[in-house]
Amino acid sequence: MNMIANLQTDITPDGPDYDIVRRVIELITEDYRDQPSLEAIAARLNQSPTQLQKTFTRWAGLSPKGFLQAVTLDHAKRLLRKEDMPLLETSIEVGLSGPSRLHDLFVTHEAMSPGEWKAKGGGLTIRYGFHICPFGVALIMVTDRGLAGLAFSDSGDERACLEDMTCRWPNACYVEDLQATVPYAARIFEPGKWSSDQPLRVVLIGTDFQVRVWESLLKIPFGKAVTYSDIANDIGRPTAQRAVGAAVGANPISFVVPCHRALGKNGALTGYHWGLTRKRAMLGWESAHA
């Protein structure tokens with residue numbers, strides 16, 4: 001298997017801004033109680049306030065100040081409020097075999113059989129490629145049945161990211177194939193390409209319990225969030241919150257299967273396999289585009 005990651009031309013419409021965005025979010029996370037001004041943030045990052053405002057707004061669609069409000073604990077709690085209908089009971093909720101709408105990113109999914117899962121990837125050819133995206137470097141992994149993996153890393157950490165993903169299906173054959181993954185990158189990260197006419201095909205590779213948890217994640221509307229206990233109730237296992245948390249953490253198709261929308265009790269962000277800063281970035285990015 002070729003373990004060399006080849007980064008291609010940026011496939012997002014706004015340019016590779018995530019490194020600056022990541023540093024801003026980290027600073028906001030550390031100092032949010034002080035409500036840092038744009039000027040203070042810019043000085044810490046050796047940026048001009050005007051340029052930082054333009055870069056951040058181009059990426060997120062709102063200012064650093066607005067983003068601060070979008071990723072605070074209070075905002076997370078608001079996402080969990082249930083208004084007039086039971087949690088997960090929305091107009092976009094569908095059955096097991098039907099097409100599932102993930103915000104405006106339409107997804108149709110299938111699960112591999114238990115036998116296929118037990119083979120740990122045996123007989124599967126998984127094509128992969130690295131691409132710049134709004135959240136750093138994305139590792140996209142596809143089979144002939146659809147998207148099987150989506151992971152994230154910072155520049156320079158691609159090898160570790162690839163090893164993390166390949167150990168999940170150690171018996172698969174891995175082929176670096178950017179021609180196969182570029183269409184998926186554009187489809188996932190460019191909102192203009194989200195269309196019900198061309199649903200994104202996803203294949204879920206996991207245990208029966210994991211697949212049920214991931215299917216529950218697919219029901220969470222764009223710009224909303226749920227707790228692990230909500231998911232446990234949704235799949236009919238109300239006492240299995242810890243197991244639900246483990247299944248959420250093992251989700252191999254991050255962002256598309258939106259494990260970043262799963263929060264702890266009272267809206268705490270808890271952990272995220274690809275880093276809490278990236279989780280905050282995803283929630284804030286979605287808030288800006290909701």
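Because the structure is a prediction, the values reported are computed rather than measured.
Side-chain atoms of D164 and L139, non-hydrogen and from C-beta on, never get closer than 4.5 Å to each other. Using a 4.5 Å heavy-atom cutoff, the side chains of R127 and Y184 are not in contact. Contact check for M165 versus Y128: no side-chain heavy atoms found under the 4.5 Å cut-off. Contact annotation: the side chain of L27 never approaches that of R23 to less than 4.5 Å [non-hydrogen atoms, C-beta and beyond]. Side-chain contact between T270 and L263 is absent, with no heavy-atom pair separated by less than 4.5 Å. Residues W274 and M282 form no side-chain contact, since every pair of their non-hydrogen atoms from C-beta on lies 4.5 Å or further apart. Counting heavy atoms from C-beta on, the side chains of K279 and L276 come closer than 4.5 Å.
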Note to self: side chain to side chain contact (heavy atoms under 4.5 Å, CB included), that's the test. Do H131 and V182 meet it? Break it down for me.
What the structure shows: CA-CA 8 Å; H131 304 272; V182 161; 3.4 Å; yes

Margin query: Go through it in stages, so that I can follow the logic: the residues are D154 and V137, the test is side chain to side chain contact (heavy atoms under 4.5 Å, CB included), and I'd like the CA-CA distance, side-chain angles, deciding distance and then a yes or no.
Written below: CA-CA 6 Å; D154 295 323; V137 180; over 6 Å; no

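The aromatic rings of F255 and W285 sit perpendicular to each other, their planes meeting at more than 60°, with 30° as the lower class boundary.
Considering every non-hydrogen atom in both S216 and I235, the closest pair reads CB-CG2, 4.0 Å. Looking at every heavy atom in both residues, A138 comes nearest to L150 through CB-CD1, 4.1 Å. Minimum heavy-atom separation, F135 to R278: O-NE, 2.7 Å. Scanning both residues, C161 and A151, for their nearest heavy atoms gives SG-CB, 3.6 Å. Across all their heavy atoms, A119 and N171 have their closest contact at O-ND2, 3.1 Å.
Counting only N and O atoms by type, the side chains of H273 and S254 include no donor and acceptor under 3.5 Å apart.
The backbone N or O of S229 sits less than 3.5 Å from a side-chain atom of N233, completing a donor-acceptor pair. Using modelled atom types, no side-chain atom of Q51 and backbone atom of S48 make a donor-acceptor pair closer than 3.5 Å. In this structure a side-chain-to-backbone donor-acceptor pair under 3.5 Å is present from T166 to E163.
A salt bridge is defined here as a Lys NZ or Arg NE, NH1 or NH2 lying under 4.0 Å from an Asp or Glu carboxylate O, and K219 with E215 fails to meet this definition.
Among pairs with a residue in residues 135-147, those fulfilling side chain to side chain donor-acceptor pair (under 3.5 Å) read E110-R145, E116-R145, at least two apart in sequence or across chains.
Listed by chain and number, the residues in a salt bridge (charged side-chain N to carboxylate O under 4.0 Å, His left out) with R44 are D31 (sequence neighbours excluded).
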